[in-house]
*Asks:* 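Supplied in structure tokens, the structure appears directly below.
Start at 1 and go down the list; that is how both ligands and their atoms are numbered.
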Amino acid sequence: MSEQSGLIPNHPGMPGVRWPRNDYSRVPYQLYHDPDVYRLEQERIFKGPTWSYVGLEVEIPNPGDFITTFIGETPIILSRGEDNSVYAVVNRCGHRGSIVRRENYGNAKEHICIYHRWCFALDGKLMGVPFERGLKGKGGMDKDFDKSEHGLRKLRVESFSGVLFATFSDATESLADYLGPVFQGHFTRLFAKPVRVLGYQRQRIYGNWKFYMENQRDTYHGSLLHEFQAVFGLSRVTQEGGNKMDVHHRHNLTWARSKTDDDKEFAELYKENKVHEEQLKLEDPEIIKNKREFEDGITLAICGIFPNATVHQISNSLAVRQLRMTGPGEFELYWTLFGYVDDSEEMTNHRLLQANMVGPAGLISMEDGEAIELAHKATGSDQDAYSVIEMGGHGAIPDFIDHRVNDTPCRGFWAYYSQLMGCEPEGAVR
Ligand code: FES
Ligand SMILES: [Fe+2]
């Protein structure tokens, strides 16, 4: 494998990308900063042949219920129709482009834009235009104005285990096929019972969204950046664990079982690597307690679904994190925290306590945000330089890994990303 595979001609509109290697073990910083790359991502990834997470069915249980959400940077309204079907439409008025729904959620028979009060059905059809025929024979729209051409753009929507995804593309495979057997299995495990939303959190991170997609696939950092997780046994490479990916390597599941390692071995190994902070103590250990609820005994499952979602189980904290971006250097994570309808009050309180441990103001995701901002700040000035993704080796990407000393799923992300973007290196090894 050569260090320089050269400038490969890309699809039209894609800036040239100089991949130092053909197996995605080196990633040029240009890809995180170039505004042309960012614009193309919106077209080829978020409006391309992918399924993006948009919400949970339980958020819109009744006819007329809606939530507002995003796919990439595009605003979306997700509504439950009178016939119980779910509609996803672009939240941008067919008149002059205003946001139609500004609320986070609600219940309505139609969506009315406040600017000139154009009225849209829940499925996006344009129903009414004030003064369409003018007044007393004067003004109004021209006779050839066709309302059917100016509705809210409608997307395909599918649900798997109550989790809703939407796509702009007619060519995208079914959601079940897109997830593949491993992730169907994981969703079936996590959403086996009716869920209940416990609340939302929002986290603004000043960095490129792909640093986050890597972060969620990077099992290597979990016990190094997050000293808290290592010290209190939530996540250590010494535990049983590994990674599972789909055949395209676009999604990743990092999993682990706590209390499967030896505390003494852990202490020695991590001390060598400057992690074990003996002074870290908990006044109330309740926050780290795992109340066993899954038969497989897995206590950590971080599931990254390409391109915009992470579904996590960290001990008893359960959440979907949706990525919403506003530019190449800024994104928001929108956290939907959930539990199950049959949880006891004690379990609900425990999940909420652990939400504070994991969330943006807690001890885990705050650190991810900081790490991403550090990387974003230092890489923009030298876009020909590149990052190294080689923990776990290079070359062909395996579907299953039975240890956690790796960041291989990050290479999987880049392999699929590059296929969609049309910027694969010559002789790409995936
Ligand atoms: S912009 Fe929406 S009605 Fe005019
Ligand atoms: Fe992390």
*Asks:* Under the salt bridge (charged side-chain N to carboxylate O under 4.0 Å, His left out) test against Glu293, which residue among Arg351, Arg189, Lys193 passes?
*Replies:* Arg351
*Asks:* At a cut-off of 2.8 Å, list the protein N/O/S atoms near the Fe ion (ligand 2), residue plus atom name.
*Replies:* His221 NE2, His226 NE2, Asp368 OD1, Asp368 OD2
*Asks:* Once you measure the plane-to-plane angle for Tyr29 and Tyr32, does it fall in the parallel (<30°), tilted (30-60°) or perpendicular (>60°) bin?
*Replies:* tilted
*Asks:* Would you confirm whether the ring centroid of Phe165 sits within less than 6.0 angstrom of the ring centroid of Phe160?
*Replies:* no
*Asks:* Quick one: are the ring centres of Phe145 and His150 less than 6.0 Å apart?
*Replies:* yes
*Asks:* Does NZ in Lys109 sit with more than 12 non-hydrogen atoms of other residues, nucleotides or ligands closer than 6.0 Å?
*Replies:* no
*Asks:* Determine whether a donor-acceptor pair (N or O, by modelled atom type, separation under 3.5 Å) exists between the side chain of Ser52 and the backbone of Asn308.
*Replies:* no
*Asks:* Got more than 12 heavy atoms from elsewhere within 6.0 Å of NZ, Lys259?
*Replies:* no
*Asks:* Return all protein N, O or S atoms below 2.8 Å from atom 2 (Fe) of ligand 1, chain by chain in residue order.
*Replies:* Cys93 SG, Cys113 SG
*Asks:* Report, as yes or no, whether the 6.0 Å neighbourhood of atom OH on Tyr105 holds more than 12 heavy atoms from other residues, nucleotides or ligands.
*Replies:* no
*Asks:* Do other residues, nucleotides or ligands put more than 12 heavy atoms under 6.0 Å from Tyr200 OH?
*Replies:* yes
